[in-house]
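All chains are named by letter (A, B, ...) in the order of the sequence lines, taking the proteins before the strands, and each is independently numbered beginning at 1. Remember, predicted model here, so these are calculated numbers, not experimental data.
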Amino acid sequence: MNIFQAKFDPCIWKVVASIPLGQVMAYGEIARAAGYPGYSRMVSKAMGRCPDPLPWFRVVRSDRTLAFEYGSDSYREQSQLLKLEGIRFEGNKVIAASPLDTVDKMLWGPRD
DNA sequence: CCCTTGACTATCT
DNA sequence: GAGATAGCCAAGG
């Protein structure tokens, strides 16, 4: 087994599992929260290998778009799961607060 | 050892 | 705001 991912992967999965329902986190944010700033691409690898019932669908890009190709099976699956969490979409971008964001951002919405 | 590849990001046009 | 570019870092050929 690779030494790196033996330590890295569980650390990343732990952070992903801690993402509150209805919220999302970017790869870079997760890497930073796990103590590996700059390892966004390694996070993506760790995600592709997660066998656990992890809320992987709460992981999006830093610009809030989904990492999968638009229209692909994985894309539709993820967007579906996110909608079940009450998360709305703005075109291809999700509208959800990051756990690191302030409450102010959560209060923002199309509804007045 | 060199080059390519990724569920990525920040920056510039 | 969309596309191109350059960093990023480990893994694999």
Side-chain angles (χ1 to χ4, degrees):
Chain A
M1 71 199 286
N2 296 319
I3 307 299
F4 173 74
Q5 64 185 67
K7 288 192 60 178
F8 182 80
D9 289 8
C11 202
I12 296 303
W13 296 336
K14 186 177 180 180
V15 174
V16 174
S18 74
I19 304 176
L21 186 147
Q23 300 191 357
V24 298
M25 262 183 106
Y27 296 84
E29 289 177 312
I30 294 171
R32 193 160 9 99
Y36 290 87
Y39 281 63
S40 55
R41 309 196 77 143
M42 298 299 98
V43 171
S44 72
K45 277 196 169 192
M47 296 313 299
R49 305 167 47 80
C50 71
D52 300 326
L54 233 55
W56 57 269
F57 48 87
R58 294 182 190 149
V59 182
V60 300
R61 290 198 181 121
S62 60
D63 62 0
R64 294 291 191 266
T65 62
L66 304 191
F68 297 112
E69 182 187 2
Y70 180 81
S72 67
D73 280 353
S74 295
Y75 183 98
R76 281 195 292 271
E77 182 184 356
Q78 181 172 14
S79 62
Q80 180 60 44
L81 288 167
L82 288 174
K83 286 174 184 173
L84 292 176
E85 306 253 306
I87 295 178
R88 280 200 296 280
F89 276 74
E90 180 184 62
N92 46 344
K93 294 180 183 172
V94 302
I95 303 178
S98 159
L100 305 180
D101 284 338
T102 63
V103 185
D104 289 6
K105 290 214 168 187
M106 283 185 66
L107 295 178
W108 171 76
R111 192 84 276 136
D112 299 298

Separation of B:dA7 C1' from A:Asn92 CG (nearest whole Å): 15 Å
When every non-hydrogen atom of A:Cys11 is compared with those of A:Ala34, the smallest separation belongs to SG-O, 3.4 Å
Check the distance between C:dG3's P and A:Arg61's CZ and give it to me in whole angstrom. 12 Å
From the set C:dA11, B:dC8, C:dC9, return the single nucleotide nearest to any side-chain atom of A:Ala67. B:dC8
Nearest-angstrom distance from the residue atom CZ of A:Arg49 to P of B:dG6: 16 Å
Would you indicate what A:Arg41 reaches in the nucleic acid, counting non-hydrogen atoms under 4.0 angstrom: base, sugar-phosphate, or nothing? base
Rounded to whole angstrom units, what separation is found between the CE atom of A:Met42 and the C1' atom of B:dT9? 13 Å
Between C1' on B:dC8 and CD1 on A:Ile12, what's the gap in Å once rounded to a whole number? 13 Å
Hey, mind stepping through A:Val60 and A:Gln78 against side-chain contact (heavy atoms from CB on, under 4.5 Å) and telling me if it holds? CA-CA 10 Å; A:Val60 300; A:Gln78 181 172 14; 4.1 Å; yes
Atom CD of A:Glu29 and atom P of B:dA10 are separated, to the nearest Å, by 9 Å
Which of parallel (below 30°), tilted (30 to 60°) and perpendicular (above 60°) describes A:Phe8 and A:Tyr36? perpendicular
Rounded to whole angstrom units, what separation is found between the CE atom of A:Met47 and the C1' atom of C:dA10? 17 Å
Near DNA chain B, under 4.0 Å by heavy atom, which residues of residues 72-87 of chain A? none
Figure out the CZ/P separation between A:Arg32 and B:dC8, and round it to whole Å. 16 Å
Does this structure show an ion pair linking A:Arg64 with A:Glu90, if we count only N-O contacts that are shorter than 4.0 Å? no
What nucleic acid atoms does A:Tyr39 come within less than 4.0 Å of, heavy atoms only: base, sugar-phosphate, or nothing? sugar-phosphate
Which part of the nucleic acid, if any, lies within reach of A:Tyr27 when heavy atoms closer than 4.0 Å are counted: base, sugar-phosphate only, or nothing? base
How would you label the contact of A:Gly28 with the nucleic acid (heavy atoms, under 4.0 Å): base, sugar-phosphate, or nothing? sugar-phosphate
Using side chain to side chain contact (heavy atoms under 4.5 Å, CB included) as the criterion, point out the one residue from A:Val94, A:Leu82, A:Ile87, A:Leu66 that pairs with A:Phe57. A:Leu82
Identify which one of A:Met25, A:Glu29, A:Met47 satisfies the side chain to side chain contact (heavy atoms under 4.5 Å, CB included) criterion when paired with A:Val59. A:Met47
In this structure, would A:Val24 and A:Leu84 fall into the same cluster of hydrophobic residues linked by side-chain contacts under 4.5 Å? yes
Does a side-chain N or O from A:Ser62 land closer than 4.0 Å to OP1 or OP2 of B:dT9, or not? yes
